[in-house]
Amino acid sequence: MRSSGGCRAGSKLLVVHGIRTDARAGLPPRVGFVVSRGIGGAVVRNRTKRRLRALVAQRLPGIPAGVDLVVRANPPAGTATSGELAGALDPLVRRVVGRLGGAA
């Protein structure tokens, strides 16, 4: 994600990193999640990951082929509701995909 051509956008709850490489051109998008111990205990971390996976699954058709995204949760994400996470995720994904030259 730190190589040239990558970008990121962040908020209080989440940070979204993105990259598009020629090697993955035409392949389905990939999304990874980083939810560290700073979020909370195992129950809180797993609940946060489940919520993020469900939110991204709904938005996956809007992510162009060949794009790799990493969604990193900041500590306040552990206490956020699904609606708050969705509200933070949507503009970040749009911003990152837009910078990568796609449409989301």
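Quick caveat: nothing in here was measured; it's all calculated off a predicted structure.
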For residues Val70 and Val16, determine if any side-chain heavy atom of one lies less than 4.5 Å from a side-chain heavy atom of the other.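 Contact flag for Val70/Val16 side chains = no.
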Residue pair [X] / [Y]: nearest heavy atoms and the distance that separates them:
X      : Y     : value
Leu100 : Gly18 : CD1-C, 3.8 Å
Val96  : His17 : CG1-C, 4.4 Å
Gly78  : Ile39 : CA-CG2, 3.6 Å

Applying side chain to side chain contact (heavy atoms under 4.5 Å, CB included), name anything that partners Ser11, two or more places apart in sequence or on another chain.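 In terms of side chain to side chain contact (heavy atoms under 4.5 Å, CB included), with neighbours along the sequence ignored, Ser11 is linked to Leu13, Leu14, Ala88, Leu92.
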Listed pairs under 3.5 Å, donor-acceptor, residues 56-65 side chains, sequence neighbours left out:
residue: Arg59; atom: NE; partner: Asp90; partner atom: OD1; Å: 2.3
residue: Arg59; atom: NH1; partner: Leu55; partner atom: O; Å: 2.7
residue: Arg59; atom: NH2; partner: Asp90; partner atom: OD1; Å: 3.4
residue: Arg59; atom: NH2; partner: Asp90; partner atom: OD2; Å: 3.4

What residues, two or more places apart in sequence or in another chain, satisfy side chain to side chain donor-acceptor pair (under 3.5 Å) together with Arg8?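 Once residues adjacent in sequence are excluded, Arg8 has no partner under the side chain to side chain donor-acceptor pair (under 3.5 Å) criterion.
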So, using side chain to side chain donor-acceptor pair (under 3.5 Å) as the criterion, who are the partners of Lys12 when residues are at least two apart?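 Scan of Lys12 (side chain to side chain donor-acceptor pair (under 3.5 Å), adjacent residues dropped) gives none.
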Determine which pairs satisfy side-chain hydrogen bond (donor to acceptor under 3.5 Å, both in side chains) with at least one residue from residues 27-36, sequence neighbours left out, and list them in order.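 Passing the test, one end in residues 27-36: Arg30-Asp68.
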Taking side-chain hydrogen bond (donor to acceptor under 3.5 Å, both in side chains) as the cut-off, I'd like each qualifying pair that reaches into residues 40-49, sequence neighbours left out, listed once.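 Sorted pair list: Asn46-Lys49.
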Leu69 CG to Ile19 CD1 distance, which is reported to the nearest 0.5 Å: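 Atom-to-atom, Leu69:CG and Ile19:CD1 are 11.0 Å apart.
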Hey, quick one: are Val93 and Val15 part of the same hydrophobic cluster, counting side-chain heavy atoms closer than 4.5 Å, chains of contacts allowed?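 No, it is not one cluster - the side chains of Val93 and Val15 are not joined through contacts under 4.5 Å.
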Go through Val71 and Val34 one step at a time and tell me if the side chain to side chain contact (heavy atoms under 4.5 Å, CB included) criterion holds. CA-CA 6 Å; Val71 178; Val34 177; over 6 Å; no
